[in-house]
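To start, the structure itself, in structure tokens.
Note that the numbering runs from 1 along the sequence shown for the chain. Since this is a predicted model, take the numbers as computed values, not measurements.
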Amino acid sequence: RARLEEASVILGSATPTMESYSLAKLGAYKLWELPVRPDGMDMSEVSIVDLREELRMGNRSIISKELYDMIEDRLNKKEQIMLFLNRRGYAGFVSCRSCGHVMKCIHCDISLSEHKNGMLVCHYCGYEIAMPKTCPECNSKYIAAFGTGTQKVEEAVKKMYPTARTLRMDMDTTSKKDGYEKILSQFSNGEADILIGTQMIVKGHDFPDVTLVGVLAADMSLYANDYRACERTFQLLTQAAGRAGRGTEKGEVFFQTYRPEHYSIQTAAEQDYKSFYKQEIAYRQLLGYPPAVHLLAVLVSSLNETCADRLTEKLKQSAMKAGSSMGIQVLGAGKATIGKINDYHRRVVYMKHE
């Protein structure tokens with residue numbers, strides 16, 4: 001479009017993708033940098049809380065002792081707080097502690113999430129069933145939810161700070177018309193003290209009264225089955241840290257994590273993109289991932305599992321035969337990250353080339 005209009009394109013981000021920054025370093029993009037915040041505001045001070053230590057001290061709460069004290073302090077000062085969790089729903093997966101069976105969606109290859117209304121819901125296709133009283137595999141009564149969701153965080157916060165006014169912002173609370181704008185304007189107008197939410201609360205919002213941001217599970221996105229997991233973790237944490245201290249008061253940020261030594265978390269705490277890029281690009285070059293190499297993903301989906309498997313294997317063999325002389329490396333064929341969505345079986349073949 002820019003070529004047609006003879007226009008310029010500006011890609012603006014505090015956390016550019018590895019591909020964009022790599023192209024800028026190669027000179028394909030012109031790099032412009034903004035090393036300081038507008039009006040000379042100081043960057044927020046970031047503290048990393050080791051949840052392993054919290055556990056050793058007997059704290060099994062969602063909120064660490066340090067963050068608990070800081071929330072109390074901000075509430076007394078009539079300042080606002082944001083609590084970020086990269087999860088949705090009341091809890092994580094539901095499983096049986098006797099036999100290990102996990103409650104999964106019958107249409108998609110993922111676990112169901114428990115919601116407050118007692119239903120188990122699939123976040124991909126919307127399938128839902130009532131929470132079983134006993135395990136469908138072994139009839140054990142020891143079936144329960146594991147993990148933490150935004151609703152659970154909201155409940156815990158209301159118990160800890162009964163006088164605080166809280167708002168929750170996730171896919172469930174913003175699904176109605178104007179739900180998103182309504183929650184943001186309430187928080188912006190000072191009608192709530194604490195905003196709890198998923199990644200939609202950390203993307204570019206400007207609330208001058210927010211002086212404290214708590215990231216409750218900083219390392220959760222590190223475990224995604226994706227070579228970009230570290231990059232996405234760094235981006236989310238840096239964006240979350242940028243929400244605090246945008247007014248006259250300096251901001252403070254807390255990253256709660258079981259992996260305090262991880263470079264994504266360390267560099268995000270320092271808000272040092274260049275240091276993150278240096279470590280991440282070395283990993284990408286070592287393992288042959290973009291932007292060090294080009295990667296093509298071919299997705300096959302079919303209602304018939306046998307057809308999906310057969311075609312994927314055929315594609316793989318054809319690619320290996322045609323690509324061997326050109327130095328193309330073929331990976332797969334196997335299940336996609338989510339192997340089944342809405343009854344469609346999903347398979348993938350990857351091809352790599354310098």
Heavy-atom neighbours of Tyr350 OH exceed 12 at 6.0 Å: no
Over-ring placement of Lys278 relative to Tyr263, 6.0 Å and 45° cut-offs: no
Chi angles and distances behind the salt bridge (Lys or Arg N to Asp or Glu O under 4.0 Å) call for Glu252, Arg243: CA-CA 10 Å; Glu252 283 193 69; Arg243 295 316 102 215; over 6 Å; no
Gln317, Lys316, Arg310 screened by side-chain hydrogen bond (donor to acceptor under 3.5 Å, both in side chains) with Glu313, the one that passes: Gln317
Qualifying residue for side-chain hydrogen bond (donor to acceptor under 3.5 Å, both in side chains) with Asp309, from Arg347, His345, Lys314: Arg347
Ring geometry between Tyr289 and Tyr283 (parallel below 30°, tilted from 30 to 60°, perpendicular above 60°): tilted
Minimum side-chain heavy-atom gap Leu287-Tyr227 below 4.5 Å: no
Inter- and intrachain pairs under ring-ring contact (aromatic ring centres under 6.0 Å, His included), touching residues 160-201, at least two apart: Tyr68-Tyr161, Phe187-Phe207
Donor-acceptor pair between Asn342 and His107 side chains, under 3.5 angstrom: no
Side-chain ion pair, Glu231 and Arg284, N-O less than 4.0 Å: yes
Sequence-distant partners of Tyr344, ring pair (Phe, Tyr, Trp, His ring centres under 6.0 Å), two or more places apart: none
Salt bridge present between Arg1 and Glu6 (N-O < 4.0 angstrom): no
Pairwise ring-ring contact (aromatic ring centres under 6.0 Å, His included) hits with a residue in residues 301-332, at least two apart: none
Over all atoms of both residues, closest heavy-atom pair of Thr267 and Ser275: CG2-OG, 3.5 Å
Carboxylate-amine/guanidinium contact Glu249 Lys77, below 4.0 Å: no
ILVMFWY clustering at 4.5 Å (side-chain atoms), partners of Tyr142: none
Linked hydrophobic residues, Val300 as query - side chain contacts closer than 4.5 Å: Leu296, Val298, Leu311, Leu315, Met320, Met326, Ile328, Val330, Val349, Met351
Contacts of type ring pair (Phe, Tyr, Trp, His ring centres under 6.0 Å), residue His294, not counting sequence neighbours: none
Contact summary for Ala218 and Phe255, nearest pair of heavy atoms: CB-CB, 4.1 Å
Ionic contact status for Glu33 with Lys274, cut-off 4.0 Å: yes
Distance-minimising heavy-atom pair for Thr306 and Asn304: N-OD1, 2.9 Å
Inter-residue atom distance Ser95.OG - Leu112.CG, 0.5 Å rounding: 12.0 Å
Residues Glu155 and Lys158 bridged, charged N to O under 4.0 Å: no
Check: Lys335 and Val348 side chains under 4.5 Å, non-hydrogen atoms: no
Connected via hydrophobic side-chain network under 4.5 Å: Val213 and Met43: no
